[in-house]
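Just so it is clear: chains get the letters A, B, ... in the order the sequence lines come, proteins before strands, and each one is counted from 1.
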There are 2 protein chains.
Amino acid sequence: LIRLKDIFKSYSLGKTVVRALNGISLEISRGEYVALMGPSGSGKSTLMHILGCLDTPDAGSYFFDGTDTARFNDRELARLRNRAFGFVFQSFNLLPRLSALANVELPMLYAGVGRRARINRATELLELVGLGDRLRHKPNELSGGEMQRVAIARALANEPEVILADEPTGNLDSRTGAEIMRLFDRLAEEGKTVVIVTHDPGIAEHCRRIVRLRDGEIVADESRRSG
Amino acid sequence: LIRLKDIFKSYSLGKTVVRALNGISLEISRGEYVALMGPSGSGKSTLMHILGCLDTPDAGSYFFDGTDTARFNDRELARLRNRAFGFVFQSFNLLPRLSALANVELPMLYAGVGRRARINRATELLELVGLGDRLRHKPNELSGGEMQRVAIARALANEPEVILADEPTGNLDSRTGAEIMRLFDRLAEEGKTVVIVTHDPGIAEHCRRIVRLRDGEIVADESRRSG
Ligand SMILES: Nc1ncnc2c1ncn2[C@@H]1O[C@H](COP(=O)(O)OP(=O)(O)OP(=O)(O)O)[C@@H](O)[C@H]1O
Ligand SMILES: Nc1ncnc2c1ncn2[C@@H]1O[C@H](COP(=O)(O)OP(=O)(O)OP(=O)(O)O)[C@@H](O)[C@H]1O
Ligand SMILES: [Mg+2]
Ligand SMILES: [Mg+2]
């Protein structure tokens, strides 16, 4: 489903260059449940943004479902992004003026879903993440972990094929974090492709495969035998 | 040093009222090393904002170093805040247009520290948290864990008596997180008062005392015997 080959991405700041991704090749099949780990600053979020077509690499190729993403124009890329990927950002990226409910409705609005269906599904998803009594709260009227859970609910709005979650439990207590992991486990069992950035080995244990990054390169890629 | 008595704080949103703090009494002596734990939404950040004089309760009293904080005017409160407290926000709260170095210099600028001394100390603190090669980066040119570490360095700029850190390791891998905890351990050994919100029992183990919140109330307050 996902085939990255020799991906490079660097940022230049004045005279210095930061090589965020320094030659990444990675294949992920449909339905895989992958943990992406590595030290702070090793390139995990940069790789996740490229996987979710939110950013383009400086070099290398990215084939999604057999098609070369370099051939898409901006409009096709946006349509692919909104349909195929559900993205949980490390910094949540909720729209500050919209309520929790309206934030979760947004991807469905872009996909042309009708008002009644949008509100029902957004309410269902917010109840699923334990925020049934915070529907009308705006982001600055929510706690850190509550904002994170709104971001998770929003990522699932269009039932995307691929869920990319960047540190989805960083602000959650262990019990709430475990509830969220049960949700991701279930999505993986249903055949969704799930990639989770985490630095918590307890979270990574839920996944079947662990890819480790260091200084913009893959240093390990281990699959666990099931059973 | 810190004496809270019967603190109440609630938010009203249309017809609903959220009781974030529902009668909190808490005493913290100078030099204590305290972990504040509890489920997502239980009131931890609200309590930390009141401790750091960033917010005022709806009812109850807060004595800091023997003085009733209700008697301070805004200017005195701001001066106390900038001098006595170093605050690491859960959402970092870095100024987006300033470099990492300038963000760490800011509290010293307010305290009237000269330019050369500010730059030296800010550089020293950023090297201490492992960001010596990211001094010129702005927040959106940093990873999540790097932003978090800039926020930690900034909190220590004026050598505050009380360090309030709200989930300081949420975005850090275990090795970087352990380095930050060694830094907090050392500050506690030097006699600073350190309060850390965390949901990670591994982090809480560094502290001598664990206060647990649930639904805006203190449900446990356990001190460990040393040795
Ligand atoms: N400005 C606000 N308006 C309305 N409700 C608010 C506001 N700020 C916080 N709340 C509510 O108050 C409760 C406590 O919030 P607080 O941020 O203190 O929780 P927390 O323990 O820090 O949670 P987390 O671990 O998720 O960061 C939450 O349920 C939240 O929805
Ligand atoms: N816009 C940018 N300009 C300059 N440097 C950047 C930019 N964005 C990221 N970087 C740098 O690229 C490196 C990788 O960043 P990235 O966000 O992918 O790391 P990460 O693995 O997600 O880290 P964390 O675990 O701390 O979130 C970091 O060292 C960061 O300083
Ligand atoms: Mg990141
Ligand atoms: Mg909080």
Side-chain angles (χ1 to χ4, degrees), chain A residues 11-16 18 20 37-46 48 89-92 99-100 129-131 133-149 166-180 197-202 204 212-214, chain B residues 11-16 18 20 37-46 48 89-92 94 99-100 129-131 133-149 166-167 169-180 197-202 204 212-214:
Chain A
Y11 299 106
S12 60
L13 219 70
K15 288 187 286 300
T16 55
V18 176
M37 302 185 80
S40 170
S42 56
K44 304 180 296 293
S45 297
T46 303
M48 289 289 265
F89 291 90
Q90 187 169 5
S91 52
F92 317 144
S99 68
V129 297
L131 293 177
D133 56 352
R134 295 281 183 276
L135 302 180
R136 304 245 162 275
H137 286 234
K138 295 200 179 63
N140 69 338
E141 296 165 341
L142 292 170
S143 79
E146 290 171 347
M147 283 193 281
Q148 186 153 49
R149 287 180 276 162
D166 197 341
E167 300 276 359
T169 61
N171 281 278
L172 301 177
D173 59 286
S174 21
R175 220 181 102 209
T176 314
E179 278 165 31
I180 292 299
V197 170
T198 182
H199 56 264
D200 184 340
R212 291 180 195 277
L213 278 192
R214 181 175 286 279
Chain B
Y11 299 105
S12 58
L13 220 71
K15 290 187 289 298
T16 55
V18 176
M37 305 185 78
S40 173
S42 56
K44 304 180 297 293
S45 296
T46 304
M48 289 289 265
F89 291 89
Q90 187 169 5
S91 52
F92 318 143
L94 298 177
S99 68
V129 296
L131 294 177
D133 56 352
R134 295 282 185 274
L135 301 180
R136 305 247 162 274
H137 287 233
K138 295 200 176 66
N140 69 340
E141 296 166 340
L142 291 170
S143 79
E146 291 171 345
M147 283 193 283
Q148 186 154 46
R149 286 180 277 160
D166 198 341
E167 301 275 1
T169 61
N171 280 279
L172 301 177
D173 62 281
S174 19
R175 219 182 104 212
T176 313
E179 278 165 30
I180 293 299
V197 169
T198 183
H199 56 264
D200 183 340
R212 291 178 197 277
L213 277 192
R214 179 177 287 278

Region of A:Ser45 that comes under 4.5 Å of a non-hydrogen atom in chain B: neither
Contact class of A:Thr169 relative to chain B, heavy atoms under 4.5 angstrom: backbone
Return the option, out of [options], with the maximum number of heavy-atom pairs under 4.5 Å with chain B.
{"options": "A:Gly144, A:Gly177, A:Gly130", "result": "A:Gly144"}
{"options": "A:Gln148, A:Arg149, A:Lys138", "result": "A:Arg149"}
{"options": "A:Gly170, A:Gly14, A:Gly38", "result": "A:Gly170"}

Separation of A:Asp200 CG from B:Asp200 CG (nearest 0.5 Å): 7.0 Å
Closest approach of A:Leu13 to B:His137 (non-hydrogen atoms, all atoms of both residues): CD2-CD2, 3.0 Å
Shortest non-hydrogen contact between A:Ser40 and B:Asp173, atoms and distance: N-OD1, 2.7 Å
Partners meeting salt bridge (charged side-chain N to carboxylate O under 4.0 Å, His left out) with A:Glu146 (sequence neighbours left out): A:Arg134
Those residues that, when tested against B:Ser99, pass side chain to side chain contact (heavy atoms under 4.5 Å, CB included) (two or more places apart): B:Leu101, B:Ala102
Could you check which of [options] has the highest count of heavy-atom pairs closer than 4.5 Å to chain A?
{"options": "B:Gly145, B:Ser143, B:Pro39", "result": "B:Pro39"}
{"options": "B:Glu167, B:Arg136, B:Glu141, B:Met37", "result": "B:Glu141"}
{"options": "B:Leu142, B:Leu172, B:Thr176", "result": "B:Leu172"}

Under 4.5 Å from any heavy atom of chain A - which part of B:Val18: side chain
N/O donor-acceptor pair under 3.5 Å between A:His199 side chain and B:Ser174 backbone: no
